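Just below is one structure, and these are the notes that go with it.
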Amino acid sequence: MTSTTPSHPRVRFAPSPTGYLHVGGARTALFNWLYARHTNGTFILRIEDTDASRNTPQALSVIFENLRWLGLDWDEGPLPDGRTIGPFGPYFQSQRKDIYEAYCKKLIDKEMAYIKEGAVLFRMPRKRIIVPDIICGDIYFDCTLEKDFVIRRKDGSFVFHLVNVVDDCEMKISHVIRGEDHLSNTPKHIAIFESLGIKPPLYAHIPLILNPEGSKMSKRDKGSSVQEYIDEGYLPKAFRNYLCLLGWSIKENREIFDIEEAIAKFDLTQIHRSNARFNRQKLLWINGEYMRTMPLDELFPHALSWLKKAGLIDDHYDNIPFLKGAIAIVREKVKTGKELIDWMKPLLSDQIEYNEAVLQQYLDNEGKNILKEAFPYLEKVSPFQAKELEETIKSLAMKNGRKTADYIHRLRVALTGRTVGPSLYPMLEVLGKEKVLYRLHKVLFEHE
RNA sequence: GACCCCAUGGUGUAGUGGUCAGCACUCCACCCUUUCACGGUGGCAGCACGGGUUCGAAUCCCGUUGGGGUCGCCA
């Protein structure tokens with residue numbers, strides 16, 4: 001086979017189905033994917049599910065769903081619908097026992113491994129091993145005191161080091177792009193490759209993603225799971241953009257860029273050697289940027305799913321123009337889907353809740369009287385659009401010797417129950433005359 | 001502890017011998033403004049330390065310190 005020529009790299013993401021996708025894993029997947037797409041190579045998904053005790057079908061679907069959410073598609077590997085693509089399967093390690101068996105036997109036959117107490121141990125060569133790393137350079141490990149290690153447990157199952165190497169070899173992996181936490185394992189892997197008479201792949205160990213405290217982000221850490229960001233209403237493009245920034249840069253003093261540009265400029269040799277801390281504020285900022293600037297029609301499906309998930313609309317909801325108008329004015333003000341939902345709530349329901357403090361401050365008798373002044377004018381505004389509404393309120397304020405703010409804040413509170421919200425005039429337009437007058441009438445004339 | 005990796009503001013980064021060390025997030029002030037947000041202007045804040053090499057080091061070398069990772073019949 002010559003499929004490992006540099007011009008056509010084969011890389012893989014090999015997660016273990018643990019029930020969630022770690023942000024570090026997500027970035028590893030992203031970098032592998034970027035490299036494959038940049039080089040016109042092949043991106044392979046392999047499931048390292050040898051530890052049967054913690055593998056479940058749900059855990060597997062989380063990997064599928066989160067990778068799909070990130071927009072990372074794979075050229076070989078298992079698909080969510082149960083099919084498989086690619087000629088090097090099966091891509092589940094749990095289904096490759098015969099292959100490992102054969103390799104294990106081969107190592108024993110060559111006396112590179114031996115049986116002890118029922119387990120099979122690999123005979124580690126006592127020598128210096130150099131790991132040539134694309135990112136870190138040549139790294140020297142003195143293995144003269146290294147101990148032999150288990151590659152097959154006495155229960156017959158195979159250990160990570162063996163299966164990882166065998167699969168990379170069988171699947172013709174050309175570049176192993178993985179977290180730096182694997183660096184210390186690499187001499188072992190190279191030793192296995194060599195004892196098999198196979199040239200090891202090229203290695204690129206990427207720096208780790210640290211939590212804000214500065215240690216390796218672990219499953220324990222809040223914010224370590226991709227699913228959390230999905231649930232918070234982050235946009236996949238924004239999240240992916242942020243991930244690109246951890247350990248890599250397109251330079252040019254820009255940080256917001258689309259994935260095509262990232263693919264075009266991605267370069268393994270430009271990846272940093274130092275770890276990076278995960279910074280939510282930066283992520284939040286980036287998400288806000290995307291929220292505000294992406295085409296409304298592109299944001300719309302995301303918003304729709306957030307709203308449905310939150311139960312604010314159901315599958316039968318059909319007032320799309322209203323929804324789009326509302327999203328358009330709200331997205332200017334918020335940074336996540338979660339916030340968007342919260343801001344949309346009072347626009348979507350006529351059941352406005354007023355808390356006592358707000359009532360006293362804005363809708364006491366004086367407040368109501370002020371709004372009663374405005375009511376007949378609002379009735380007459382035509383067309384019921386932001387520009388005309390603004391002119392109406394301003395001239396009314398002038399006429400009555402009030403500040404426009406006197407009307408504006410009270411209107412917002414009366415219509416939404418909240419003191420903060422979208423810009424008023426566009427909001428009136430989006431709500432429409434009927435809803436505006438209905439809500440006003442209810443709070444001004446029906447309550448007592 | 002051993003081995004390995006790393007080191008530009010609080011965070012992410014640009015910078016590869018000669019820059020007033022740039023950008024972004026955060027934070028602060030002011031402006032804009034109907035709230036909020038955006039936007040605008042300005043500001044605080046950095047080359048860990050010590051030796052070399054060099055006419056000249058953030059940039060090269062060594063050491064120290066600091067941080068991180070790995071040391072499983074987990075992956």
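The chains referred to below are lettered A, B, ... by the order of the sequence lines, with proteins before strands, and numbering in each begins at 1. Just so we're clear, the structure is a prediction, and the values are computed from it rather than from any experiment.
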Exercise. What is the distance from OH of A:Y290 to P of B:C38, rounded to the nearest Å?
Worked result: 18 Å
Exercise. Is it the case that A:K188 places NZ or CZ above or below the six-membered ring of A:F141, under 6.0 angstrom from the centre and within 45 degrees of the axis?
Worked result: no
Problem set entry | Atom pair distance, as rounded to whole Å: NZ in A:K116 and P in B:C73 | 11 Å
Problem set entry | B:U59 and B:U19, which share atom name P, separated by this distance in whole Å | 13 Å
Exercise. Centre of A:Y103's six-membered ring, under 6.0 Å away, within 45 degrees of the axis: is that where NZ or CZ of A:K106 sits?
Worked result: yes
For this session: For A:L246, report the nucleic acid contact type (base, sugar-phosphate, nothing); a contact means any heavy atom under 4.0 Å.
Result: sugar-phosphate
For this session: For A:F160 and for A:Y140, find the nucleotide of RNA chain B with the closest heavy atom, then tell me which residue's nucleotide is more 5'.
Result: A:Y140
Exercise. Regarding A:K380 and the six-membered ring of A:Y377, is the cationic atom NZ or CZ under 6.0 Å from the ring centre and inside 45° of its axis?
Worked result: yes
List, with names and distances, any nitrogen or oxygen atoms from the protein found under 3.5 Å away from nitrogen or oxygen atoms belonging to nucleotides 68-70 of chain B.
{"from": "B:G68", "atom 1": "O2'", "to": "A:N275", "atom 2": "ND2", "distance (Å)": "3.0"}
{"from": "B:G69", "atom 1": "OP1", "to": "A:K216", "atom 2": "N", "distance (Å)": "3.0"}
{"from": "B:U70", "atom 1": "OP1", "to": "A:K216", "atom 2": "NZ", "distance (Å)": "2.6"}

Problem set entry | Distance-only polar pair, side chains of A:T186 and A:R178, donor-acceptor under 3.5 Å | yes
Problem set entry | Side chain of A:F141 - closest among B:U35, B:C73, B:C3 | B:C3
Exercise. Using purine N1 to pyrimidine N3 plus N6-O4 or O6-N4 for Watson-Crick, or N1-O2 and O6-N3 for G-U wobble, both under 3.5 Å, which nucleotide pairs with B:C49?
Worked result: B:G63
For this session: Kindly confirm or rule out a cation-pi arrangement of A:R27 over A:F31, judged by NZ or CZ under 6.0 Å from the six-membered ring centre and within 45° of its axis?
Result: yes
For this session: Say whether, by atom type as modelled, one donor and one acceptor occur between the side chain of A:E228 and the main chain of A:G223 under 3.5 angstrom.
Result: yes
Problem set entry | Working for side chain to side chain donor-acceptor pair (under 3.5 Å), residues A:D49 and A:S94 | CA-CA 6 Å; A:D49 58 348; A:S94 58; 2.7 Å; yes
Problem set entry | Residue A:E48, side-chain heavy atoms: nucleotide from B:U35, B:C4, B:A75 that is nearest | B:A75
For this session: Provide the distance between the two C1' atoms, one in B:A45 and one in B:C23, to the nearest whole Å.
Result: 15 Å
For this session: Could you check whether A:F149 gets within reach of a base, just the sugar-phosphate, or nothing at all, counting any heavy atom under 4.0 Å?
Result: nothing
For this session: In whole angstrom, give the distance that lies between atom CD1 of A:I139 and atom C1' of B:C5.
Result: 7 Å
For this session: Provide the distance between the two P atoms, one in B:G51 and one in B:G68, to the nearest whole Å.
Result: 27 Å
For this session: Look at all strands and tell whether A:K251 reaches a base, only sugar-phosphate, or nothing, counting heavy atoms closer than 4.0 Å.
Result: sugar-phosphate
Exercise. Once you round it to whole Å, what is the distance between P of B:U13 and CG of A:D267?
Worked result: 16 Å
For this session: Flag yes if more than 12 heavy atoms outside A:K433 fall under 6.0 Å of its NZ atom; otherwise flag no.
Result: yes
Exercise. Rounded to whole angstrom units, what separation is found between the CD atom of A:E146 and the C1' atom of B:A2?
Worked result: 11 Å
Exercise. Does B:G22 have a Watson-Crick or wobble partner in any strand here, with both distances under 3.5 angstrom, and which is it?
Worked result: B:U13
Exercise. Between A:W248 and A:F257, how do the two ring planes meet: parallel, tilted or perpendicular, split at 30° and 60°?
Worked result: perpendicular
Exercise. Picking from A:L21, A:N66, A:L235, what satisfies side-chain contact (heavy atoms from CB on, under 4.5 Å) with A:I230?
Worked result: A:N66
For this session: Send over the distance from A:K338 NZ to B:A37 C1', rounded to a whole Å.
Result: 20 Å
Exercise. Which nucleotide sits closest to the side chain of A:R277: B:A75, B:C36, B:G12?
Worked result: B:G12
Problem set entry | Pairwise C1' distance for B:C47 and B:C55, with rounding to whole Å | 22 Å
For this session: Determine, using ring centers only, whether A:Y234 and A:Y290 are less than 6.0 Å apart.
Result: no
For this session: Pick base, sugar-phosphate or nothing for A:A119, based on heavy-atom distances below 4.0 Å to the nucleic acid.
Result: base
Exercise. Roughly how far apart, to the nearest Å, are B:G18 and B:A58 at atom P?
Worked result: 10 Å
Problem set entry | Atom pair distance, as rounded to whole Å: CG in A:L21 and C1' in B:A75 | 14 Å
Exercise. Is there a side-chain polar atom (N or O) of A:H272 under 4.0 Å from OP1 or OP2 of B:U8?
Worked result: no
Problem set entry | Interatomic distance at C1', B:G10 relative to B:C28, whole Å | 14 Å
Exercise. NZ of A:K403: more than 12 outside heavy atoms within 6.0 angstrom?
Worked result: no
What are the atom names and distances for every N/O pair under 3.5 Å that joins the protein to nucleotides 40-43 of chain B?
none

For this session: Run the ring-centre check on A:Y362 versus A:Y354 and record whether the distance is less than 6.0 Å.
Result: no
For this session: Tell me whether the guanidinium CZ or amine NZ of A:K324 lies under 6.0 angstrom from the six-membered ring centre of A:F300 and within 45° of its axis.
Result: yes
Problem set entry | C1' gap between B:G66 and B:G72, integer Å | 29 Å
Seminar exercise, completed: The contact string for nucleotides 19-34 of chain B, one letter per nucleotide 5' to 3', using protein heavy atoms under 4.0 Å with B, S and - for base, sugar-phosphate only and none, comes out as ---BSBSS-------B
Exercise. To the nearest Å, how far apart are A:M291 CE and B:C36 P?
Worked result: 20 Å
Exercise. Taking the C1' atom of each, how far is B:G50 from B:A24, in whole Å?
Worked result: 33 Å
Seminar exercise, completed: Taking a pair to mean Watson-Crick or G-U wobble geometry with both distances below 3.5 Å, B:U35 pairs with none
Seminar exercise, completed: Partner of B:G42 under the Watson-Crick or G-U wobble criteria, both distances under 3.5 Å, comes out as B:C28
Seminar exercise, completed: From the candidates B:G39, B:G12, B:C5, the one with an atom nearest any side-chain atom of A:A276 is B:G12
Exercise. How is A:R292 classified with respect to the nucleic acid when contacts are heavy atoms under 4.0 Å: base, sugar-phosphate, or nothing?
Worked result: sugar-phosphate
Exercise. Between A:H189 and A:H161, is the ring centre distance below 6.0 Å?
Worked result: yes
For this session: Assign A:G247 to base, sugar-phosphate, or nothing according to its heavy-atom contacts below 4.0 angstrom with the strands shown.
Result: sugar-phosphate
Exercise. Taking any strand in view, what nucleotide pairs with B:G1 in a Watson-Crick or G-U wobble way, both distances under 3.5 Å?
Worked result: B:C71
